[in-house]
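The structure presented is a predicted model; accordingly, all values stated were derived computationally and were not measured.
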There are 2 protein chains.
Amino acid sequence: MANAELDAIDMKILTHMQRDASLTTAELAEKVGISQSPCWRRVQRLHDEGYIKSQVVLVDRQKLGFDMHIFAQVKIARLSEEERETFFRGIQNIPEVLECYTVFGEMDALLKIVAPDVKWYQEFIFNTLMKLPGVEDIRSIVTLSEAKSTTAIPLKPRTFQ
Amino acid sequence: MANAELDAIDMKILTHMQRDASLTTAELAEKVGISQSPCWRRVQRLHDEGYIKSQVVLVDRQKLGFDMHIFAQVKIARLSEEERETFFRGIQNIPEVLECYTVFGEMDALLKIVAPDVKWYQEFIFNTLMKLPGVEDIRSIVTLSEAKSTTAIPLKPRTFQ
DNA sequence: TATGAAAAGATAATCCC
DNA sequence: GGGATTATCTTTTCATA
C-alpha cells in the first residue's frame with residue numbers, strides 16, 4: 001500500500017502543488033478547504049515524509065534554443081560492471097540528456113535528449129554519445145511536436161474493472 | 001539567436017532555480033554574486049519574458065505507487081483532422097500519460113506513461129489506450145530503472161568544433 | 001490530538017540612490 | 001546594481017475543542 005497515509009486533502013494539496021508551487025499556503029488552504037495553519041503543517045509533512053522531493057522552475061526550452069526532443073535507444077556492448085558504471089556516470093554529465101532509462105529487450109538504454117535541431121543532433125551523436133564507453137548502436141526517435149507535457153504524477157493507480 | 005538577452009548572471013539564476021526553486025532571493029543573490037533587489041528584479045523579468053514558465057513540486061512517483069515508466073509508440077489510422085484532434089484531446093485527459101510527442105517514421109505518436117507494474121499496463125492498454133480513436137498499433141518500450149532524471153534544460157546549445 | 005487565531009520572524013516587493 | 005524600508009508571507013506559539 002504505497003500511500004495509505006495520504007487522505008483526500010493531502011491529495012488535493014499535491015494536485016495543486018504539482019501544477020503551481022508558487023501559491024501561498026493561505027491560497028492553497030482556501031483551495032483545499034482548510035485553514036492556513038493545518039495546511040502549512042500538511043505541506044511540511046509531505047516534504048518530511050518524502051512525497052515532495054523538490055521544488056523547481058520549469059523553463060521554456062524553445063526560448064533557450066532547444067526546439068526538439070529526441071529519444072535515443074542505445075545498445076551497449078557486454079561490459080564489466082565497472083565499464084557500465086562509467087557509461088551511466090558519463091550520462092550524468094551530458095546536460096542535453098534529461099532522462100536515461102535501462103530497458104528490456106533488444107536495446108539497453110533509452111535516453112531523452114533535447115536538441116536545437118537534427119543537424120546539431122547528428123554532431124552530438126558522433127561528438128558525445130558515441131564517445132561513451134561501450135556504445136555499439138544508436139537508434140533515434142525524432143519527435144516533431146510536443147502534444148502533452150506534464151511533471152504531475154497521478155496520486156493513485158487506477159484499478160480497472 | 002534564441003537567448004541573446006540572457007547574460008551570465010541570468011544563466012546562473014536559471015541554473016539554480018531549475019535545481020531548487022525554494023531558495024530565497026537573498027540566498028540566490030548570494031550564489032550568483034549580486035544583491036537581493038537586483039536579483040529579485042531579474043527573477044521577475046525571467047518570469048515576465050517567459051523564460052520561467054512555472055514553478056512546481058516534483059513528487060516521489062514510487063511513493064504514489066508508480067514504479068515504472070513505459071514508452072508507447074502508437075500507430076494511428078489515417079484520420080481526418082477532426083479525428084486526430086479527438087485523439088490528442090483524449091491524451092490530455094489520461095493522467096498516466098505524462099508526455100506525448102508526434103514522431104517521424106513508422107509510428108505516429110510516442111507516449112511517456114507511468115505505471116505501477118506491467119500487469120497494470122496491460123490492462124491500461126486495452127482499457128484506455130486502445131479506446132482512443134484511430135489507434136491501430138502499440139509498441140511498448142518497458143523500462144527497468146531510471147538512471148537519470150532531470151527537468152533542467154541546458155542554457156545554451158553547445159557548438160561542436 | 002488537531003485546530004485556528006495571533007504573534008514573531010523571515011522574505012518578498014518597493015523605493016530611492 | 002545596491003541599500004534601506006515596507007508589505008506580505010511563513011513559521012511558531014498558545015489557547016481551545
Side-chain angles (χ1 to χ4, degrees), chain A residues 1-61 63-65 150-153 155-156, chain B residues 1-60 63-65 150-156:
Chain A
M1 225 48 48
N3 59 348
E5 311 86 12
L6 296 186
D7 66 15
I9 293 175
D10 290 330
M11 290 193 184
K12 282 188 194 175
I13 289 174
L14 287 179
T15 299
H16 285 289
M17 295 189 82
Q18 284 195 99
R19 255 190 281 154
D20 182 4
S22 70
L23 293 168
T24 66
T25 50
E27 289 168 327
L28 185 59
E30 204 208 322
K31 281 179 193 290
V32 306
I34 58 177
S35 63
Q36 188 260 348
S37 206
C39 182
W40 181 83
R41 282 188 288 256
R42 278 172 185 267
V43 172
Q44 282 303 109
R45 185 171 48 73
L46 292 169
H47 269 105
D48 294 345
E49 293 179 354
Y51 288 98
I52 295 173
K53 286 198 301 182
S54 62
Q55 185 165 332
V56 300
V57 298
L58 302 180
V59 306
D60 187 326
R61 67 182 162 77
K63 286 191 79 106
L64 297 179
T150 182
T151 55
I153 307 295
L155 298 173
K156 209 180 172 60
Chain B
M1 222 52 44
N3 58 348
E5 312 85 12
L6 296 185
D7 65 15
I9 295 176
D10 289 330
M11 290 193 183
K12 283 188 194 174
I13 289 174
L14 287 178
T15 299
H16 286 289
M17 295 189 82
Q18 284 194 99
R19 254 191 282 154
D20 183 4
S22 71
L23 292 169
T24 66
T25 50
E27 289 169 326
L28 185 60
E30 203 208 322
K31 282 180 192 289
V32 307
I34 58 177
S35 64
Q36 186 260 345
S37 70
C39 183
W40 182 84
R41 284 190 292 255
R42 278 172 184 267
V43 172
Q44 280 304 108
R45 184 170 48 73
L46 291 169
H47 269 104
D48 294 344
E49 293 179 356
Y51 288 98
I52 295 173
K53 286 199 302 184
S54 62
Q55 183 165 331
V56 301
V57 298
L58 303 180
V59 307
D60 187 326
K63 285 192 80 106
L64 297 179
T150 181
T151 55
I153 307 294
L155 300 174
K156 207 179 175 59

- [ ] Could you check which residues of residues 14-23 of chain A get a heavy atom under 4.0 Å from DNA chain C? Sort them by number, please.
- [x]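 When residues 14-23 of chain A is checked for heavy atoms under 4.0 Å from DNA chain C, there are no hits whatsoever.
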TODO: Within residues 26-43 of chain A, find the residues that approach DNA chain C with a heavy atom at under 4.0 Å, and present them sorted by residue number.
DONE: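 Within this stretch, Ser35(A), Ser37(A), Pro38(A), Arg41(A) sit under 4.0 Å of the strand.
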TODO: Please tell me if the side chains of Leu14(B) and Ile153(B) come closer than 4.5 Å, counting only heavy atoms from C-beta onward.
DONE: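 Answer no - side chains too far apart.
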Task: Terminal contacting nucleotides, 5' and 3', DNA chain D versus chain B (heavy atom, 4.0 Å) - done: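 First-to-last contact on DNA chain D, by the 4.0 Å heavy-atom rule, is dG1(D) to dA4(D).
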Taking only residues two or more places apart in sequence or in another chain, which ones pass side chain to side chain donor-acceptor pair (under 3.5 Å) with [X]?
{"X": "Asp60(A)", "value": "none"}
{"X": "Thr15(A)", "value": "none"}
{"X": "Glu30(A)", "value": "none"}
{"X": "Gln44(A)", "value": "none"}

TODO: Please round to 10 degrees the angle between the axis of the first five pairs and the axis of the last five pairs in the helix from dT1(C)-dA17(D) to dC17(C)-dG1(D).
DONE: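 One end's axis against the other's: 20°.
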Open item on the list: Applying salt bridge (Lys or Arg N to Asp or Glu O under 4.0 Å), can you list everything that pairs with Arg42(A), at least two apart in sequence or on another chain?
Closed with: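 Asp7(A), Asp10(A).
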Open item on the list: Run the salt bridge (Lys or Arg N to Asp or Glu O under 4.0 Å) test against Glu49(B) and tell me which residues pass, sequence neighbours left out.
Closed with: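 Testing Glu49(B) for salt bridge (Lys or Arg N to Asp or Glu O under 4.0 Å), a comparison that skips the adjacent residues, returns Arg45(B).
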Open item on the list: Taking any atom closer than 4.0 angstrom to a non-hydrogen atom of chain A, what span of DNA chain C does the protein reach, first nucleotide to last?
Closed with: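 Footprint of chain A along DNA chain C, 5' to 3': dT3(C) to dA5(C).
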Task: Pairs involving residues 31-41 of chain A, ordered by first then second residue, that meet side chain to side chain donor-acceptor pair (under 3.5 Å) (sequence neighbours left out) - done: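 Found Thr25(A)-Gln36(A).
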